[in-house]
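Each residue takes its place number in the sequence, starting with 1.
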Amino acid sequence: MMKKLHFTGIGGAGMAPLAELSLANGFTVSGSDMENSAKCHRLHSLGAKISIGHRQENLPEDAAMLIYSSAVPENNPERVKARALNIPELRRGEYLAHLAANYRRVVAVTGTHGKSSITALLAKILQHCGKEPGFMIGAEVAGMANCAAGNGDIFVTEADESDGTHTKLKNFLAVIPNIEDDHEWSLGGKEVLENNFRLTAKNSQQIIFYASENCDRLLKDHPQAVRLSDMPGKLGGLRGFQAANAYIAIQTAVLLGCDEKSATDAAMEYPQVARRMTIHCDRPGLTVIEDYAHHPTEVRAAIELLRATYRGCHLRILFQPHRFARLEKYFAEFVTELSNADSIYIAPVFAAWSESGKVDSAMLAKAVNGIAVSGSFEHWAEEVVKDLPPDTVIAILGAGDINKVIPLLVRQFADKR
């Protein structure tokens, strides 16, 4: 009998590709989400039964398993019904490990920054080199799917450290470009976070990582470790963190049997991952670029790349802090990094599980001599396009819903012309 799986939060960035891979592997899939979306429409077209809104009746009573994202609470009605019916519940990352076990060689891309881009790069390289990988990318990628079943040999996947589920995978190879103390508040402290990375390494036959204080300290004792001592600032036409992401993807592909020149050629066609240095407008006088940067290290890397790419332009940033806990922990670092822009606008905090904190967006705006925007997305856009200097680059930075302002901002600029 075909196994039935139910996904609560099926439209999420990490959940939708898991549901799609499950369909490709012959499972019957149902799921629910609070909003209809392109991902839900795609899954429906592939044969999934999709419900909008979370209700007990959405969960089939003969489901073999309920998979949920870490953002779905215990009192969710579908999870409540699952427990009443003794249907096993698995977090997204736990089910990912369950699915990945069907492949001969699992390649887990984890770490604090760059997971989506490196996973996309590696999948693209392996496809170019004829390896037919299975893969799962937690973001949309222009010109390629964000998941594929592959031929059963290599499976490349992001592995999320924020909920600790990266420790559940049994890897042929783990790619760990960096380790910082982000997400420690959701795991129970820095020691838990670091021990999770140690365990991920222990669960991997091989690892590859960039040299850094944290990576060296936590990973140096692995018996099959490739330590990349030099992080390139430039690789072909790539610069900054994009060059670094490409280089570690290339070296990983070599470990998986690819020719280095072929891997490098493929990497030079850098895949456009959604919300990662994405150009939304490139008109005379204005360029609008979006990046997912929501940690001080990512903000610094984004600004450095923008400065190197758009020399002489006025750099205006609209930044949305992501989570009050992160803003509080890294407040001073955000001030330092954001102050490297020419003009700064700060949006309200994207709360993500906590509705208030000791510091807020207004305090950050004051500390960077910037402007705090509030109200509707339309109002944010109106404020940001005021008094634009010639040759301005507007960078939209953040991991929340700030992307909703982008079409409004571009339209505001067009209306003022």
Do you see a donor-acceptor pair shorter than 3.5 Å between the side chains of [X] and [Y]?
| X | Y | result |
| --- | --- | --- |
| Ser212 | Asn214 | no |
| Ser343 | Arg316 | yes |
| Gln412 | Glu378 | no |
| Glu161 | Thr112 | no |
| Asp401 | Gln320 | yes |
| Thr110 | His166 | yes |
| Thr297 | Glu180 | yes |
| Thr8 | Glu78 | yes |
| Arg276 | Ser116 | yes |

Keeping the roles fixed (side chain from [X], backbone from [Y]), state whether a donor-acceptor pair exists under 3.5 Å.
| X | Y | answer |
| --- | --- | --- |
| Asn171 | Ser204 | no |
| Thr336 | Ala332 | yes |
| Asn195 | Glu191 | yes |
| Lys386 | Glu382 | no |

Carboxylate-amine/guanidinium proximity below 4.0 Å for [X] and [Y]:
| X | Y | value |
| --- | --- | --- |
| Arg92 | Asp160 | yes |
| Asp153 | Arg105 | yes |
| Arg227 | Asp216 | yes |
| Arg275 | Glu140 | no |
| Arg307 | Asp342 | yes |

Please determine whether side-chain contact (heavy atoms from CB on, under 4.5 Å) holds for the pair Thr157 and Val109, giving the CA-CA distance in whole Å, both sets of side-chain angles, and the decisive distance to 0.1 Å.
CA-CA 6 Å; Thr157 181; Val109 182; over 6 Å; no
[X] to [Y] - nearest heavy-atom pair and separation:
| X | Y | value |
| --- | --- | --- |
| Gly12 | Lys39 | O-CD, 4.1 Å |
| Tyr210 | Pro177 | CB-O, 3.4 Å |
| Asn245 | Ser117 | ND2-CB, 3.7 Å |
| Tyr345 | Val373 | CD2-CG1, 3.9 Å |
| Val349 | Ser361 | N-OG, 3.1 Å |
| Ala139 | Asn146 | O-CB, 3.3 Å |

With a 3.5 Å cut-off and sequence neighbours excluded, list the donor-acceptor pairs that the side chains of residues 44-54 form with protein atoms.
| from | atom 1 | to | atom 2 | distance (Å) |
| --- | --- | --- | --- | --- |
| Ser45 | OG | Arg42 | O | 2.6 |
| Ser51 | OG | Asn58 | OD1 | 3.3 |
| His54 | ND1 | Ser32 | OG | 2.8 |

For Lys261, which of Asp265, Thr264, Asp259 qualifies under side chain to side chain donor-acceptor pair (under 3.5 Å)?
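Result: among Asp265, Thr264, Asp259, Asp265 is the only option passing the side chain to side chain donor-acceptor pair (under 3.5 Å) with Lys261.
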Ring of Tyr68, cation from Arg79 - is the NZ or CZ under 6.0 Å from the centre and inside 45° of the axis?
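Judged by the rule (NZ or CZ under 6.0 Å from the ring centre, within 45° of its axis), Arg79 counts as positioned above Tyr68.
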Enter the distance from [X]:[atom1] to [Y]:[atom2] here, rounded to the nearest 0.5 Å.
| X | Y | atom1 | atom2 | value |
| --- | --- | --- | --- | --- |
| Glu194 | Ile179 | CD | CD1 | 7.5 Å |
| Ile303 | Ser339 | CD1 | OG | 8.5 Å |
| Ile250 | Leu121 | CD1 | CG | 8.0 Å |
| Cys313 | Leu306 | SG | CG | 10.0 Å |
| Thr167 | Asn203 | OG1 | CG | 7.0 Å |

List the residues meeting ring pair (Phe, Tyr, Trp, His ring centres under 6.0 Å) with Tyr103, not counting sequence neighbours, and say none if there are none.
Phe155
Indicate the ring-plane relationship of Phe334 and Phe319, choosing parallel, tilted or perpendicular according to the 30° and 60° boundaries.
tilted
Ring pair (Phe, Tyr, Trp, His ring centres under 6.0 Å): pairs with one or both residues in residues 283-304, sequence neighbours excluded
His113-His295, Tyr292-His294, His294-His322, His295-Tyr330
Let me see the working for Leu364 and Leu338 under side-chain contact (heavy atoms from CB on, under 4.5 Å), right down to the final yes or no.
CA-CA 10 Å; Leu364 180 60; Leu338 289 167; 4.0 Å; yes
Report the C-alpha distance between Val288 and Ile279 in whole Å, list the side-chain angles of each, state the deciding distance to 0.1 Å, and finish with yes or no for side-chain contact (heavy atoms from CB on, under 4.5 Å).
CA-CA 6 Å; Val288 178; Ile279 299 174; over 6 Å; no
When the ring centroid of Phe209 is compared with that of His222, is the distance short of 6.0 Å?
no
Evaluation steps, side-chain contact (heavy atoms from CB on, under 4.5 Å), between Ile208 and Gln251:
CA-CA 8 Å; Ile208 182 170; Gln251 296 307 311; 3.8 Å; yes
Does the pair Glu333 and Arg300 meet the rule for a salt bridge (Lys or Arg N to Asp or Glu O under 4.0 Å), with working shown?
CA-CA 10 Å; Glu333 290 88 345; Arg300 180 178 70 248; over 6 Å; no
